[in-house]
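Computed from a predicted structure; not experimentally measured.
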Amino acid sequence: MPTSIPNSETTTVVQDEHPIYRPAGYTEGQELTNPRSHDENQPDISFPFITTDINRGGLTNEYRGVAKEGFVPADQALRPIPTHVSDVPQALRDPEKAAQLRDMKLVTWLPDDPEDPRNWSNLYRWYLTGVCAMSVVAVAFASAVVTGDFTDIQDEFQVGEVVVALSVSLMVCGFGIGPLAWSPLSELIGRRWLWIVPNLIYVIFNIPCAVATNIQTLLICRFFAGIFASAPLTLAGGTISDIWDNNERGFAIALFAAAPYGGPVLGPIVGGFVGENIGWRWIIWVNMIFAGVIAIFCCTIPETFAPVLLKRRAARLRKETGNPNITTEQELFKRPLSDIVIETLIRPFQMLVTEPILLLMSMYIALIYGLLYAFFFSFPVVFAEEYKFDDGHTGLTFCSVLIGLAIALFVTPQVEKNYQKRAAAKGGKADPEDRLVGMMIGCWFVPISLFIFGWTSPPVVMPGGGNWVGPVSSGIPFGFGMVIIYFSANAYLIDAFPGYVASALAAKTVIRSGSGAAMPLFIEAMYHNLGNGWAASVWGFISLAMIPIPFLFYRYGKAIRARSKRAVA
């Protein structure tokens, strides 16, 4: 693509606290405008961070804004990464290079553009949101469904409980590894094919799991199933962000926040009854049927990723007009493969070491996610061993977690409304720390749930009558707290690192999956050795120790961000 064009001079004006670079002779009306639902101050989750060299080009609102002519001059659209060390993008520092951008036209959406996913009908967008949420539920369900009948797997393959627990741990490991590939691929080829192909491969990997003649086959195939099943976990949040603008997506994002936690809870409920009545292999077959149905619905998801849609439009316009200067920022500042590898595999871990906000928030999310998987092994210790419940009724005890999750679904939109009010009170631009209000509410419920579970279980409260109500009820505050904490912590990370969202979320996902994978390997032994009360209390005290984190960041987060090279100014 030619970039050598006549020289020109640029001037700088300030608008919405971001420098906008405009060429000499600039005419009003050429700039990007925004739909009423779009808040320019919030990070664009649909920006192709991994595959765009933002160090050279900076950020742009090209993919979210609209322009009357359908394009905007490149030198007007670029702005610095919003950190306290923000500087003029490299492409605009050299007057000669800046002049070359003057005639480069970045393709944008038109007003009321029918191809813009945000302009699709509400009914259709809610359908897509429902498919995204259910796809996450389905793969999260698969991770825990085998816990419904561990005993028969142990007996058939003559292995111990830790080895069988690997069937959960290895799949969750796959959840952490898969996104490292799916994230950059989705930016290069779009979301649609990644909704289809990995899902179908995941469905196929259920077959060797169901017919496995040895434990090795089961474990290896569960691991690869996790890698391909992680595609919806990677794509769902982005797809929801594609079709709902940032001031519209409150309840949609609440569904997405609840799905990875609600899915595993459904697993033991279904797996317990299926395994008890028709055997553990049918647990896998039922999971395959569920996954297959969801995969069919996923095939109906169209391409929603704005950079890919606009890239296609730019290619069409270049062909129709013969103008090679029509492009997108992703094409103009294409990141080399070596940088993509660094962005995907190295930078997330660099940020964990150098960014205390990311490290502590990721640890908090990891604790909550790990405790959820710990419940899948501690509930059977209490209800199957102490109360003598069968597998089916042990699975039903997880309904209490679903109740707490349902309550959280009603509360999270209110948390979002509170954030919008805070933003309005600050002139439309809230601080990232305003996202922590939900965490400051939800953080108390997790230790409360653990202490209830530990000290209303045998031997403190012996089985008999309705004494099972105590430990069962502990799932309600836990389900509520984990969703509220995740919703707020995830939003805080996005707002705190708007120029490095992909790396921050990748780091969080790896840490979270590692915790979820580790818990099943020792939690049962922990309850047997320490007893129900003290085993639960250990995690309760760890959760109590985590409570100051949101409060400290709410108070000192701004000062910590000021010392960071990557956090927002």
Side-chain angles (χ1 to χ4, degrees), residues 136-137 140 144 250-251 253-266 268 360-379 382 397-419 435-457 469-493 508 511-512 515-516 519 523 535-554:
V136 174
V137 168
F251 188 67
I253 289 295
L255 286 175
F256 168 67
Y261 294 91
V265 176
L266 288 172
L360 291 176
M361 283 294 159
S362 297
M363 288 176 61
Y364 208 147
I365 293 173
L367 172 68
I368 303 306
Y369 194 64
L371 287 175
L372 174 62
Y373 280 87
F375 268 32
F376 299 144
F377 292 83
S378 59
F379 268 40
V382 171
T397 59
F398 289 97
C399 288
S400 61
V401 182
L402 290 178
I403 294 172
L405 187 147
I407 296 172
L409 278 179
F410 288 99
V411 174
T412 44
Q414 303 306 314
V415 173
E416 182 66 18
K417 288 180 181 178
N418 175 271
Y419 171 80
R435 292 288 192 185
L436 295 173
V437 172
M439 282 191 78
M440 292 189 287
I441 295 172
C443 64
W444 303 97
F445 289 88
V446 173
I448 288 173
S449 69
L450 291 165
F451 289 126
I452 290 175
F453 179 70
W455 298 106
T456 60
S457 299
V469 173
V472 167
S473 65
S474 66
I476 297 176
F478 181 79
F480 175 79
M482 71 173 177
V483 173
I484 296 292
I485 290 171
Y486 178 75
F487 177 83
S488 297
N490 203 57
Y492 180 51
L493 290 178
K508 176 213 69 178
I511 296 295
R512 183 186 72 175
S515 175
M519 284 288 190
I523 202 71
S537 294
V538 167
W539 294 109
F541 287 124
I542 293 174
S543 302
L544 276 176
M546 291 286 203
I547 284 178
I549 289 176
F551 293 92
L552 290 173
F553 280 135
Y554 187 81

- Query: Under the 3.5 angstrom rule, does the side chain of Ser473 hit a backbone N or O of Gly470 as a donor-acceptor pair?
  - Reply: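 Yes, the answer is positive, given that a donor and an acceptor are paired below the 3.5 Å cut-off.
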- Using atom types as modelled and distance alone, determine if a side-chain donor or acceptor of Ser449 lies under 3.5 Å from a backbone N or O of Val446.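 Side chain of Ser449 to backbone of Val446, a donor-acceptor pair under 3.5 Å: yes, one is there.
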- Task: Measure the spacing between OH of Tyr261 and CG of Leu402 and express it to the nearest 0.5 Å.
- Result: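 If I round to the nearest 0.5 Å, the distance is 15.0 Å.
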- Query: So which pairs with a foot in residues 398-416 pass salt bridge (Lys or Arg N to Asp or Glu O under 4.0 Å), sequence neighbours left out?
  - Reply: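 For residues 398-416, and leaving out neighbouring residues, the salt bridge (Lys or Arg N to Asp or Glu O under 4.0 Å) pairs sorted by first residue read Glu416-Arg435.
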- Pairs touching residues 541-552 that satisfy salt bridge (Lys or Arg N to Asp or Glu O under 4.0 Å), sequence neighbours left out: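 For residues 541-552, and leaving out neighbouring residues, there are no salt bridge (Lys or Arg N to Asp or Glu O under 4.0 Å) pairs at all.
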Can you sort out the partners of [X] under side chain to side chain contact (heavy atoms under 4.5 Å, CB included), two or more places apart, ordered by chain and number?
X      : result
Ile476 : Ser400, Ile403, Ile407
Ala374 : Met519, Ile523
Val538 : Met526, Leu530, Ile542

Using the test ring pair (Phe, Tyr, Trp, His ring centres under 6.0 Å), find all partners of [X] that sit at least two apart in sequence or belong to another chain.
X      : answer
Phe541 : Phe451
Tyr554 : none
Phe478 : Phe375

- Over all heavy atoms of both residues, which pair between Pro471 and Ser457 is shortest? Give the atoms and the distance, please.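 Looking at all heavy atoms of both residues, the closest pair is CB-OG, 3.5 Å.
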- Quick one: closest heavy-atom pair of Ser543 and Leu450, and the distance?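 In terms of heavy atoms, the two residues are closest at OG-CD1, 3.6 Å.
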- Item | Partners passing side-chain hydrogen bond (donor to acceptor under 3.5 Å, both in side chains) against Thr456 (at least two apart in sequence or in another chain) |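 Thr456 satisfies side-chain hydrogen bond (donor to acceptor under 3.5 Å, both in side chains) with no residue once adjacent residues are dropped.
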- Message: I want to check something: taking the side chain as every heavy atom from C-beta on, are Ile484 and Phe445 in contact at a cut-off of under 4.5 Å?
- Response: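 No, side chains not in contact.
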- Kindly indicate whether the side chain of Phe553, heavy atoms from C-beta on, has any atom under 4.5 Å from the side chain of Met439.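 Of all side-chain heavy-atom pairs linking Met439 with Phe553, none is under 4.5 Å.
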Please tabulate, one pair per line, all N/O donor-acceptor pairs under 3.5 Å involving side-chain atoms of residues 362-371, not counting sequence neighbours.
| unit_1 | atom_1 | unit_2 | atom_2 | d |
| --- | --- | --- | --- | --- |
| Ser362 | OG | Leu358 | O | 2.7 |
| Tyr369 | OH | Tyr373 | OH | 3.4 |

